[in-house]
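Atoms within a ligand are numbered from 1 in the order they appear, just like the ligands themselves.
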Amino acid sequence: MTDIDQRRRTLCMQLLGGLAGIALGGAARARPSVDESARVFRLDGADVTYAFGVNGEGQLQTLYWGSALAAGDTLPTPVPVPENSSNEMPVTITPLEFPGFGGGLTVEPALKVTFPDGVRDLVLRYVDHQVGNDRIVVRLKDVSRAVHVSVTYAMDAATGIVARSATVENRTAGWIQLDQLAAASLNLPYSDDYRLSYLTGRWAGEFALQTRPIVPGSIVIESRKGVTSHQANPWIAISRAGTQEEAGPVWFGALGWSGSWRIHVDMDALGGVRTTAGYNPFDFAYRLKPGESLASPVFHAGYSGDGFGGASRMFHRYQRERILPGAPSPRLRPVLYNSWEATLFAVDEAGQTALAEKAASIGVERFVMDDGWFGARNGDKAGLGDWVVNRKKFPNGLAPLIRRVNDLGMEFGLWVEPEMVNPDSDLYRAHPDWVINFKGRPRSEARNQLVLNLARRDVYEHLLKMLDKLLTDHNIAFLKWDHNRAWSEPGWPEAAPAEQQRLYVAYVENLYKLLAELRRRHPKLEIESCASGGGRVDLGIMALTDQVWTSDNTDPLDRLLIQDGFSRAYAPAIMMAWVTDAPNFVNKRVTSLEYRFLSAMQGGLGIGANLNHWKDDDFAKAKRLVAEYKTIRMTVQQGNLYRLVSPQGGSARSATLSVAQDAKQAVLFAFLHSGGLREARPRIQLRGLDPKKTYALRAISGGVSPRTPKRASGAYWMGHGLDVVLEGDFQAAAFVLDGA
Ligand code: GLA
C-alpha cells in the first residue's frame with residue numbers, strides 16, 4: 001500500500017470510525033443483524049430498514065430499502081432475476097449491491113478493472129462478512145483472481161442514513177488498473193412513477209433544482225472539472241409521483257468527494273432503477289500494484305417517508321451531528337464582515353481598519369479581509385501563490401490590523417486560494433513544473449491562473465509550510481479557502497504515464513490531508529469552503545470546513561431561489577449569506593436594506609456592503625437586525641427547516657420556518673416578489689411547533705393582519721395560521737414565535 005492509499009484509507013476510516021464512535025455514545029443505536037443461515041443482512045436505524053443478502057450465485061443482492069420493518073419480519077432470501085430473454089442476462093437485471101463489470105453485466109458497474117493480460121472481466125462473489133456496532137462489512141472476491149473488495153455499510157442510528165463505501169485491494173502478483181470505482185450501487189423497488197431531483201448551476205447561479213421523471217435509459221450528473229463544481233452538485237433525491245414537500249417517500253444520497261465525480265441513475269430494460277455513485281470514470285485510471293488498495297468516496301444515502309422536507313431535515317441533522325468538524329455540536333456561525341464587494345483588490349491597512357471599526361459598531365463578530373493582501377496582487381493577473389504580505393499595502397505587516405480587529409472584539413479572518421498560481425508570480429517563476437499540465441502542451445489559463453498539482457509531495461509540503469507559518473505568525477481565526485477555476489490538461493508529467501491519472505484521487509486526498517493537518521496544528525481555526533461561490537460544496541469537504549460560501553450572487557431575491565435549492569441537500573448551519581450593496585453587482589437590482597437582511601438572515605449572516613457609503617439610518621437598522629439575528633441564529637442555523645412556500649417554479653411568494661430542536665422558538669421569514677391589486681394573500685400555516693405550547697408572536701420586521709392574536713397555541717399557528725401583510729415589490733417580513 002502506498003502512503004497515498006494509506007492516507008485515503010485513514011481518512012475514510014476516520015470518517016466511518018467517527019460514525020461508529022458517536023453512534024455508540026448516543027442513546028439510539030443502529031442495529032446491524034445477520035441471518036447467518038439465510039445469509040441475509042439487515043440494518044435498522046431510526047425509521048429505516050436496509051437489507052441485502054447473498055443469492056445462490058454468491059452475489060450481493062438488494063432486498064429492501066425503505067421505512068422500518070418490524071423486528072420479526074423475515075425478508076425473503078435473495079434470488080437472481082431469471083433470464084428475461086437472451087438479451088437481458090440475469091446479472092444485468094438482478095439488483096446487485098456492488099456489481100463488477102463482467103459476466104455479461106451491461107448496466108452500470110460499481111467496479112471495472114483491467115488486468116495486465118488484457119482480461120477485463122470481474123465477477124465478484126461473497127467471501128465473508130464482519131458485523132460491528134453500527135456497520136456491516138462484506139468482503140467480495142473475483143471468481144478466480146485475487147481482487148478483493150470490502151463493501152461497507154455504516155448506519156447512523158439517529159437518522160437511518162447509511163454511509164456506503166468500498167475498498168478494492170489488489171492481492172494478485174501483478175498490477176491491476178481500476179477503470180471505474182463507485183462507492184455503491186443502490187437499487188429501488190420496481191415502480192413506474194419515480195422522479196429524480198438534482199441540483200445544477202453555474203457561477204453566480206448555483207443550486208438550481210431540477211426534477212425529471214425516471215424512464216428507461218440513463219441520467220448522468222457529474223463533474224469532470226477536478227472539483228465538485230457549480231454545474232452539478234453530487235446530491236440526488238428520488239421520489240414518487242405523489243411525493244410532496246411534507247409527505248411521501250424520498251430516497252436521497254450525496255457523495256462526499258470534492259474532485260471529479262459521477263452519479264448515474266438508470267432504469268434497466270425491465271424497469272429496475274439503480275443509482276451508482278463514485279469517482280467519475282471519465283478519464284479515470286488508477287493502477288494498484290500488488291498489495292495496494294483504493295477506497296471509494298463515501299455515498300451517504302437516506303430514506304424519508306415525510307416528503308422532501310422530511311428528507312432535508314434528516315440530512316441537515318446528519319450533517320450537523322455526524323459530518324461537520326464540530327459534530328455533534330457545531331459552533332454557531334459568527335456574524336461576519338467580508339471586504340470583497342466593498343474594496344475588491346484595493347485593500348490596505350487604513351481602509352480595512354476603517355471598515356473594521358464600522359463593522360464592529362453594528363455587532364459583527366468576525367472581520368474577514370478578502371483577496372488582495374499578498375504579493376503583487378492588485379488585480380487577478382498577478383500574485384497568486386505568493387502568500388507574503390504586500391508591504392506597500394501593509395507596511396507593518398498584518399499585525400496592526402489584526403490587533404485593531406481583536407481590540408474591537410472581533411476575530412480576524414483571511415482569504416486564501418492555496419491551490420492556485422498566477423504565471424506572473426514568484427512561485428511560478430521558481431517552480432513552473434508545479435502546475436497540473438501535459439509536457440510540451442499549452443497550459444490553459446482561467447482568471448489568469450493555473451492549478452498547482454497538489455498531488456505532488458513538494459507542493460503539498462510547500463502549502464502546508466506556508467499556511468502553517470501564516471497561521472502561526474498571526475492571530476487568524478478563520479480562512480476563506482477559495483478555488484477559482486476548473487482543471488484543464490490534467491497531466492502529471494513527473495509520474496509514469498500509467499500512473500498519471502492517479503491525479504484525480506491523489507490531489508483531493510492531499511487537499512483533505514492539508515486541511516486536516518492545518519486544523520490539527522491550529523485547533524481553533526475555522527475554514528470556509530469557497531470555489532467562486534458554491535463550486536465546492538459536498539460532504540467530503542464539509543467534514544473539514546465549518547461553512548461554505550453559497551454563491552457570489554448576493555442579490556437577495558436570486559438568493560431566495562439559490563438558498564431554497566441549497567437547503568434541499570445541505571444544512572443552513574453552513575450556508576453563508578451576505579448583505580451587500582444595492583444596486584447589486586450581479587443584476588443591478590435595487591432592494592431595501594431590510595429585504596437584504598431578511599434574505600441573508602436565513603443562513604449564517606454576513607455583511608459584505610461598503611460601509612463607507614452607509615448613512616446613520618443604515619447603521620441603526622443594521623445594528624438592530626444583527627442584534628435580532630443573534631437571538632434567533634441557533635434556531636435558524638441548527639433548527640428544523642420547513643419550506644412553507646417555495647420560490648421554485650416562479651412563485652412570487654416564499655416563506656420558510658425554522659423551529660428550534662426543543663420547539664421553544666420558531667422563526668418565520670416571508671417574501672413577496674411583487675403583488676397585484678386585491679390579490680389573494682395566502683395564509684401561512686406553520687409546522688413543527690408543539691401544539692400544546694403557547695407561542696407569543698413578535699415581529700422582527702413587517703406586520704400581520706390586525707386581528708392576529710399576540711399569543712396562541714402551537715395548534716393555532718399550525719392549524720389557523722397567520723396573515724402576513726406584504727404589499728409592493730421586494731417585500732420581506734420576519735417573525736419570532738417564543739414558546740412557553
Ligand atoms: C472568488 C470568491 C469571491 C472572492 C473572489 C476574490 O470569486 O467567490 O467571494 O473571494 O474570489 O478574488
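- Considering backbone and side-chain N/O atoms, Arg377 never comes within less than 3.5 Å of an N/O atom of ligand 1.
- Inclusion of Trp340 in the set of residues having an N or O under 3.5 Å from an N or O of ligand 1 is not warranted.
- Between Phe284 and Tyr279, the ring planes lie parallel to each other; the angle is under 30°, not in the 30° to 60° tilted range.
- Considering backbone and side-chain atoms alike, Asp482 places an N or O below 3.5 Å from some N or O of ligand 1.
- By the criterion of a heavy-atom distance under 4.0 Å, the side chain of Arg447, and not its backbone, is placed next to ligand 1.
- Atom 8 (O) of ligand 1 has Asp552 OD1, 2.6 Å as its closest protein atom, hydrogens excluded (heavy atom only).
- For the 3.5 Å distance criterion, the side chains of Asp380 and Asn448 qualify, holding a donor opposite an acceptor.
- Atoms of ligand 1 lying under 4.0 Å from any heavy atom of Lys480, numbered from 1 in the order shown and given with element: 3 (C), 4 (C), 9 (O), 10 (O).
- Contact atoms of ligand 1 toward Asp371: 6 (C), 12 (O) (distance under 4.0 Å to a heavy atom of the residue).
- We find that Arg429 and Asp424 are joined by a salt bridge, their nearest charged nitrogen and carboxylate oxygen being less than 4.0 Å apart.
- For ligand 1, the atoms closer than 4.0 angstrom to any heavy atom of Cys530 are 2 (C), 8 (O).
- Electrostatic pairing of Glu411 and Arg331 counts as a salt bridge here, judged by a charged N lying under 4.0 Å from a carboxylate O.
- Between Arg521 and Glu517, at least one side-chain nitrogen of the basic residue sits less than 4.0 Å from a carboxylate oxygen of the acidic one, meeting the salt-bridge criterion.
- Not one N or O of Ala531 is nearer than 3.5 Å to an N or O of ligand 1, by distance alone.
- Of the protein's non-hydrogen atoms, Asp370 OD1, 3.4 Å is the one closest to atom 4 (C) of ligand 1.
- Counting only distance, with no hydrogens or angles, the side chain of Ser567 and the backbone of Asp564 share a donor-acceptor pair below 3.5 Å.
- Per-residue contacts place Asn484 under 4.0 angstrom from the following atoms of ligand 1 (heavy atoms of the residue considered): 1 (C), 7 (O), 11 (O).
- Side chains of Asn422 and Lys381: no donor on one and acceptor on the other come within 3.5 Å.
- Ser532 has its side chain out of reach of Trp549: every pair of non-hydrogen atoms, C-beta onward, lies at least 4.5 Å apart.
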